[in-house]
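In what follows, chains are A, B, ... by sequence order, proteins preceding strands, each numbered from 1. FYI, side chains are in, hydrogens and waters are out, and symmetry mates aren't considered; it's all heavy atoms of this structure. All figures in this text were calculated on a predicted structure; none of them were measured in a lab.
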Number of protein chains: 2
Amino acid sequence: MNSLRPALRQLHPYSLRPETARVRLNRNESPFDWPQEWKQALLERVQERAWNRYPEFVPRSLVSALARRWNWPEEGIAVGNGSNELLQALILATLEPGRSVLTVEPTFVLYALQARVAGAQVLIETLGTDLRYDAVHLGERLRATGATVLFLCSPNNPTGSWIDPDDIAELARRAPDTLIVIDEAYGEFAKRTVLELRPRPTNLAVLKTFSKAGSLAGLRIGYLCASREIVRAVVQVKMPYSVNFFSMLAAERAIEGRELLEQQVKILISERERLRTAMESMTGVRVYPSQANFLLFEVDDAQRVFRALLDNEVLVRDVSGGHPILSRSLRVTIGRPEENDLFLGALRQTMEEK
Amino acid sequence: MNSLRPALRQLHPYSLRPETARVRLNRNESPFDWPQEWKQALLERVQERAWNRYPEFVPRSLVSALARRWNWPEEGIAVGNGSNELLQALILATLEPGRSVLTVEPTFVLYALQARVAGAQVLIETLGTDLRYDAVHLGERLRATGATVLFLCSPNNPTGSWIDPDDIAELARRAPDTLIVIDEAYGEFAKRTVLELRPRPTNLAVLKTFSKAGSLAGLRIGYLCASREIVRAVVQVKMPYSVNFFSMLAAERAIEGRELLEQQVKILISERERLRTAMESMTGVRVYPSQANFLLFEVDDAQRVFRALLDNEVLVRDVSGGHPILSRSLRVTIGRPEENDLFLGALRQTMEEK
């Protein structure tokens with residue numbers, strides 16, 4: 001089929017092994033489903049609505065609610081079918097052959113994949129052995145390369161590492177012609193968000209989602225906070241009517257129910273630190289600090305431990321094939337306390353069997 | 001903001017005027033909402049499902065149901081967030097700077113817009129004054145231009161014109177290196193579908209949707225039928241988890257409830273022909289034949305008639321600014337019989353007032 005682009009042959013598509021288990025700690029989902037009364041009330045509204053009619057062209061009331069939530073201008077907000085869609089739109093709005101993007105490794109693989117689809121050159125900085133971000137070094141690389149876009153996931157998937165918003169402000173100030181994209185999919189689990197920066201850097205684009213702290217991974221809804229100009233360009237390249245009315249209504253409900261969701265976030269943060277402490281005490285386990293709802297940890301034989309956990313009905317993510325620096329690493333999503341206990345028990349047993 | 005692509009400045013984003021009215025015949029939606037008992041049963045399943053968990057990576061049961069519905073191989077089917085998402089993925093999989101796409105005018109504006117976003121050259125054939133497709137001429141243009149992709153909407157939005165599947169087979173046969181994309185968003189309202197062609201042309205990609213005949217415009221779900229190779233490339237460039245679980249379940253229900261939906265299609269086809277006959281009898285109205293769920297018609301002063309209809313609470317689509325050949329044209333979606341009567345009454349009154 002000669003019409004397919006030759007460049008695509010070299011790309012590895014995003015894929016996922018189909019394993020499942022009773023305790024699923026592999027996709028960085030929230031372990032808390034919505035309360036039945038929230039669902040019930042929402043589904044009554046959904047039933048009344050005409051399904052044969054398109055969603056609103058611009059979801060005004062959701063955008064207003066997000067603007068109030070983050071104290072961000074309405075015209076600087078775009079809603080998308082998961083933050084993935086807005087990530088792709090940001091790439092299409094900025095990248096083309098002859099332009100380059102700077103990102104790090106290891107990180108969420110879709111930044112580099114989609115940038116290559118757009119024909120851009122992808123420049124990679126590998127994180128140090130402590131897996132931390134080095135803001136000064138990234139700033140130097142931006143100046144040296146003249147990259148059009150910098151993509152950072154913070155807190156970073158799969159490492160859990162974080163870059164301080166003040167460092168991001170400094171990066172943005174020193175590279176005014178670079179678009180600084182911060183993927184804050186896990187932002188609610190971190191100390192601070194870049195959305196609090198004042199003045200707001202005009203070359204900053206922040207991706208947020210309801211999939212993690214909002215407990216709505218099944219519904220696919222995310223949003224972008226940026227300058228009016230960036231949002232206008234994203235809306236220009238993205239497809240219209242990309243968010244269904246059900247997910248829009250659910251996102252509004254999640255903002256209203258913020259108090260409960262924030263309590264759940266607190267539980268998960270506390271559980272994260274409990275797990276980290278417990279794992280640090282295990283011989284043969286090295287666990288990294290995390291600002292997200294997951295922990296990255298190293299063991300001697302990642303594939304053996306992954307399999308042993310799965311044999312105990314605990315599914316984590318084997319990230320050992322993703323990057324040489326991760327060759328001994330697994331990633332565990334923070335679950336409900338009883339799920340975390342099952343994970344800790346299985347891991348302890350596995351490490352003792354070694 | 002220097003990081004935005006200069007090429008985007010010349011593009012006009014897709015947008016829609018926010019008018020509304022009691023009788024809305026402007027978006028080619030089905031006028032029939034789903035039966036309350038279908039909604040109820042589906043929402044019970046939705047309530048039981050865990051919203052905090054991602055949808056399936058590949059929606060296997062929906063793909064199987066579509067494969068049975070159209071007698072099409074499962075590995076040649078991809079499901080997307082509306083057919084729009086799959087259209088964009090087809091473009092990203094095939095087009096890049098240095099390649100070209102052939103399409104017609106007037107047609108759905110997103111083909112050319114998205115092809116330009118991908119950096120491709122857009123070659124346009126303007127339809128003749130009868131607004132019909134000329135398959136022989138299109139074949140000649142394909143040979144002369146060596147276009148990588150041919151985009152045809154059939155039945156065509158906004159003209160209602162149609163290209164015979166046998167002519168598409170011939171085009172595909174004579175241009176084996178061109179990807180022939182047929183957007184069949186309105187295919188259920190036409191005499192035949194290209195999905196029936198045997199043998200299946202390997203360079204054919206067919207876009208289908210549940211938004212029109214499936215009465216699910218609010219839910220955003222569409223699909224692509226093509227060769228295994230094309231589907232693999234589309235999945236490679238498209239974002240994962242793009243379809244929420246609610247829309248997936250609804251699409252499966254729509255396939256199960258095909259009998260009712262097909263009865264509604266028959267009503268709409270019969271109403272289309274009733275409207276066409278009635279409009280043909282009006283002085284000052286020229287109406288075009290249509291294989292879709294809408295009619296294109298010409299009047300002396302499209303904007304005056306659009307406003308007069310709106311004053312009578314009937315909203316149609318003013319397409320007169322879309323292309324010089326449409327300078328006197330409006331498009332009316334076929335509604336329920338009583339809505340169509342209101343439209344006919346308002347149009348008759350408007351034409352007599354002239």
**Q** Counting C-beta onward and ignoring hydrogens, is there a side-chain heavy-atom pair between B:Ile182 and B:Leu207 closer than 4.5 Å?
**A**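 Heavy-atom side-chain distance check fails, nothing below 4.5 Å.
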**Q** Of all of A:Gln88, A:Arg116, A:Lys238, which one pairs up most often with chain B through heavy atoms under 4.5 Å apart?
**A**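 If we count pairs closer than 4.5 Å to chain B, A:Gln88 comes out on top.
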**Q** Between A:Leu113 and chain B, with a heavy-atom cut-off of 4.5 Å, which part of the residue counts as in contact: side chain, backbone, both or neither?
**A**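 Just its side chain gets close to chain B.
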**Q** For A:Arg143, check salt bridge (Lys or Arg N to Asp or Glu O under 4.0 Å) against everything at least two apart and list the hits.
**A**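 Checked A:Arg143 against salt bridge (Lys or Arg N to Asp or Glu O under 4.0 Å); zero matches.
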**Q** Examine the side chains of A:Arg220 and A:Ser211 and answer whether a donor and an acceptor come within less than 3.5 Å of each other.
**A**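 A:Ser211 and A:Arg220 do have a side-chain donor-acceptor pair below 3.5 Å.
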**Q** Taking every heavy-atom pair that is under 4.5 Å apart, which of B:Pro6, B:Ala50, B:Ala93 has the most such pairs with chain A?
**A**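 The option with the most such pairs is B:Ala93.
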**Q** Can you tell which part of B:Phe210 gets under 4.5 Å to a heavy atom of chain A, answering side chain, backbone, both or neither?
**A**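 Contact with chain A involves no heavy atom of B:Phe210 at all.
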**Q** Find the one option among A:Leu92, A:Val58, A:Leu216, A:Leu11 whose heavy-atom pairs under 4.5 Å with chain B are most numerous.
**A**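 Looking at each option in turn, the highest pair count goes to A:Leu92.
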**Q** Using a 4.5 angstrom heavy-atom cutoff, name the option from B:Ala118, B:Ala147, B:Gly119, B:Pro31 with the most pairs to chain A.
**A**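 Going by pairs under 4.5 Å, I would pick B:Pro31.
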**Q** Out of B:Leu42, B:Val46, B:Leu8, which one racks up the most heavy-atom pairs below 4.5 Å with chain A?
**A**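 If we count pairs closer than 4.5 Å to chain A, B:Leu8 comes out on top.
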**Q** Look at B:Trp34, B:Phe246, B:Trp51, B:Tyr14 and state which one has the largest set of heavy-atom pairs under 4.5 Å with chain A.
**A**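 With the most close heavy-atom pairs to chain A, the winner is B:Trp51.
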**Q** Taking the basic N atoms (NZ, or NE/NH1/NH2) and the acidic carboxylate oxygens, is any pair closer than 4.0 Å for B:Arg232 and B:Glu229?
**A**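 No, B:Arg232 and B:Glu229 are not salt-bridged.
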**Q** Which residue out of B:Ile221, B:Leu219, B:Leu110, B:Leu90 racks up the most heavy-atom pairs below 4.5 Å with chain A?
**A**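 Of B:Ile221, B:Leu219, B:Leu110, B:Leu90, B:Leu219 has the most heavy-atom pairs under 4.5 Å with chain A.
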**Q** Under a 3.5 Å threshold, yes or no: a donor from one side chain and an acceptor from the other, between B:Ser30 and A:Asn52?
**A**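 No - no donor-acceptor pair under 3.5 Å links their side chains.
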**Q** Evaluate the ring planes of B:Phe151 and B:Tyr111, with Trp represented by its six-membered ring, and classify them as parallel (under 30°), tilted (30 to 60°) or perpendicular (over 60°).
**A**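 The arrangement is parallel - the two ring planes meet at less than 30°.
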**Q** Measuring heavy-atom distances to chain B, does A:Pro97 have an atom under 4.5 Å in its side chain, in its backbone, in both, or in neither?
**A**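 For A:Pro97, the side chain is the part near chain B, not the backbone.
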**Q** Between B:Ser61 and B:Glu252, do the side chains contain an N or O donor and an N or O acceptor separated by less than 3.5 Å?
**A**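 The criterion, which ignores hydrogens and geometry beyond distance, is satisfied for B:Glu252 and B:Ser61.
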**Q** Out of A:Gln36, A:Met248, A:Arg53, which one racks up the most heavy-atom pairs below 4.5 Å with chain B?
**A**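 If we count pairs closer than 4.5 Å to chain B, A:Arg53 comes out on top.
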**Q** Between A:Tyr186 and A:Asn293, is any side-chain donor less than 3.5 angstrom from a side-chain acceptor?
**A**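 No, A:Asn293 and A:Tyr186 have no side-chain donor paired with an acceptor closer than 3.5 Å.
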**Q** Quick test of your reading of the model: are A:Arg45 and A:Glu48 salt-bridged, counting only N-O distances below 4.0 Å?
**A**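 Result for this pair is no, no salt bridge flagged.
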**Q** Sort by residue number and list every residue of residues 79-87 of chain A having at least one heavy atom under 4.5 Å from chain B.
**A**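 If one takes a 4.5 Å heavy-atom cut-off, the residues of residues 79-87 of chain A near chain B are A:Asn81, A:Asn84, A:Leu87.
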**Q** Please determine if B:Arg49 forms a cation-pi arrangement with B:Phe245, meaning its NZ or CZ atom is less than 6.0 Å from the six-membered ring centre and no more than 45° off the ring axis.
**A**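 The answer is yes, since B:Arg49 meets both limits relative to B:Phe245.
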**Q** Using the side chain to side chain contact (heavy atoms under 4.5 Å, CB included) rule, pick out the option among A:Val149, A:Leu142, A:Leu102 that qualifies with A:Ile180.
**A**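 Filter result, single survivor: A:Leu142.
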**Q** Side chains of B:Asn157 and B:Asn28: closer than 4.5 Å at any heavy-atom pair?
**A**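 Contact flag for B:Asn157/B:Asn28 side chains = yes.
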**Q** I'd like to know which of A:Gln40, A:Glu56, A:Lys212 tops the heavy-atom pair count under 4.5 Å against chain B.
**A**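 Answer, by heavy-atom pair count under 4.5 Å with chain B: A:Gln40.
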**Q** Against chain A, label B:Phe57 side chain, backbone, both or neither, depending on which of its atoms sit under 4.5 Å from a heavy atom there.
**A**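 Contact with chain A: side chain only.
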